Amino acid sequence: MKILDGKKLSNQIKDEIAVEVRQMKERGEKVPHLAAVLVGTDGASLTYVGSKVRSCERIGFESTLIHLPEDTTETYLLAKVAELNANPDIDGYIVQLPLPRHIDEEKVLMAVHPDKDVDGFHPTNFGKMALDMESFVPATPYGIMEMLRRNGVETSGKHTVVIGRSHIVGRPISILMSQKAEAGNATVTLTHSRTKDMKSLTLQADIIVSALGVPGFLTADMVKEDVVIIDVGITRVPDASRERGYYIAGDVDFEGVSKKASYITPVPGGVGPMTIAMLLKNTLLARERHNAKN
Ligand code: GUN
């Protein structure tokens, strides 16, 4: 069994990006600038956005955090998005999800200019991705693909079972892994809450990508020997004995499943850190595309 160490790999990718940033500086070029919009005080979102901004600093990117109060109106947020679209200094930006319930998420994501949409959530980018065209690929599935590629995990002809059909992970990873490309060429089954007899499907899987958000959902009796496990779950489980008051749990019963798996991602330290690295990679790409245009 081999642990797919996302922390180590993400640091390697960040180091590679930092080298490119230094070269940009030496050539007298502007360095990439990522902005993040955060609305409200959701604990997990604060952590993620803080981590994204700190990573920018570490690799030499410029970053801007726009933190708006919970009661921000949709109109105000859309005006901020329009400002970011028009600001030539910003290469790419993200609007952290989830947004407060009084704001129409789809409307906001549609307003992000596709050239600055480093999350890859705009229909233009998502559509291009689905059609094998160059685009910004959403960071979490992009991170999973990079992890499979760089660890030499064979995916061609393998049966991949994806658990969860979210727009951010399940749907895009099912598209990417079925594509005719490296870390692709898999036969993909996309399962969800209406799937009948999940276990009969996971038992057939060579690779399982679980993006459900239910701690310990995937147990050893649900997988076959030598399965490859990608655990995308990041759930905060309340735990008074810990200083923070919670611990982070994945979808997979690591203890049991790791005994059967050929490769497995830990939680934390697996897919999570890769997401940030690939967001930075997309921002670098955005900068390079802007440079090429100017
Ligand atoms: N919320 C959870 N994951 C993500 C992500 O990748 N991007 C944004 N913007 N919000 C998220």
Side-chain angles (χ1 to χ4, degrees), residues 6 10 13-14 34-56 63-68 70 72 77-78 80-81 84-85 90-101 103-114 116-126 129 135-147 162 164-173 175-176 209-214 230-236 248-251 265 267-268 270-286:
S10 70
I13 293 169
K14 283 188 217 169
L34 173 72
V37 183
L38 174 63
V39 186
T41 53
D42 175 70
S45 292
L46 279 167
T47 307
Y48 298 150
V49 171
S51 201
K52 287 168 186 175
V53 170
R54 270 195 309 282
S55 293
C56 282
S63 65
T64 300
L65 171 61
I66 300 166
H67 194 177
L68 303 173
E70 181 79 22
T72 298
L77 180 57
L78 287 169
K80 274 284 160 205
V81 164
L84 288 165
N85 286 342
I90 304 286
D91 297 297
Y93 67 97
I94 62 155
V95 179
Q96 186 66 27
L97 304 179
L99 288 168
R101 260 190 288 178
I103 296 176
D104 182 345
E105 210 161 88
E106 193 175 295
K107 208 165 167 182
V108 174
L109 295 182
M110 287 283 286
V112 175
H113 193 289
K116 295 193 175 188
D117 171 37
V118 285
D119 254 334
F121 292 168
H122 190 281
T124 295
N125 283 315
F126 204 94
M129 177 195 68
S135 68
F136 291 117
V137 174
T140 302
Y142 190 7
I144 296 169
M145 295 300 281
E146 201 63 14
M147 216 175 197
V162 177
R165 56 183 158 189
S166 73
H167 293 169
I168 296 183
V169 187
R171 190 76 53 78
I173 195 69
I175 293 169
L176 292 168
V209 180
S210 186
L212 194 62
V214 177
I230 308 292
D231 188 350
V232 194
I234 313 180
T235 307
R236 288 185 172 200
I248 300 289
D251 288 352
T265 62
V267 176
V271 176
M274 290 300 292
T275 296
I276 296 184
M278 302 325 280
L279 173 68
L280 300 172
K281 182 100 184 160
N282 275 343
T283 308
L284 177 69
L285 254 167

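Being a predicted model, the structure only gives us computed values, none of them experimental. In each ligand, atom 1 is the first atom listed, and ligand 1 is the first ligand listed.
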| request: For atom 11 (C) of ligand 1, grab the closest protein heavy atom and report residue, atom and distance to one decimal in Å. | output: Gln96 NE2, 3.3 Å
| Side chain of Lys116, backbone of Leu84: donor and acceptor closer than 3.5 Å? | yes
| query | Under a heavy-atom criterion of less than 4.0 Å, does Phe121 contact ligand 1? | reply | yes
| Any donor-acceptor pair under 3.5 Å from Thr265 side chain to Ile230 backbone | no
| Any N or O of Thr275 that comes nearer than 3.5 Å to an N or O of ligand 1? | no
| Protein residue, atom and distance nearest to atom 3 (N) of ligand 1, heavy-atom basis | Ile168 CD1, 4.3 Å
| Take atom CD in Glu70; do more than 12 heavy atoms of anything else shown fall under 6.0 Å from it? | yes
| Closest approach of Met274 and Ser10, non-hydrogen atoms and distance? | SD-N, 3.8 Å
| message | Using a 3.5 Å distance criterion without hydrogens, assess whether the side chain of Asp251 forms a donor-acceptor pair with backbone atoms of Gly213. | response | yes
| said: Would you say NE2 of His167 has more than 12 non-hydrogen atoms from neighbouring residues, nucleotides or ligands within 6.0 angstrom? | reply: no
| task | Report the part of Asp119 in contact with ligand 1, treating N, CA, C, O as backbone and CB onward as side chain, heavy atoms under 4.0 Å; options are side chain, backbone, both, neither. | result | side chain
| Can you tell which part of Val95 has a heavy atom less than 4.0 Å from ligand 1: side chain, backbone, both or neither? | backbone
| Is there at least one pair of N or O atoms, one from Leu97 and one from ligand 1, spaced under 3.5 Å apart? | yes
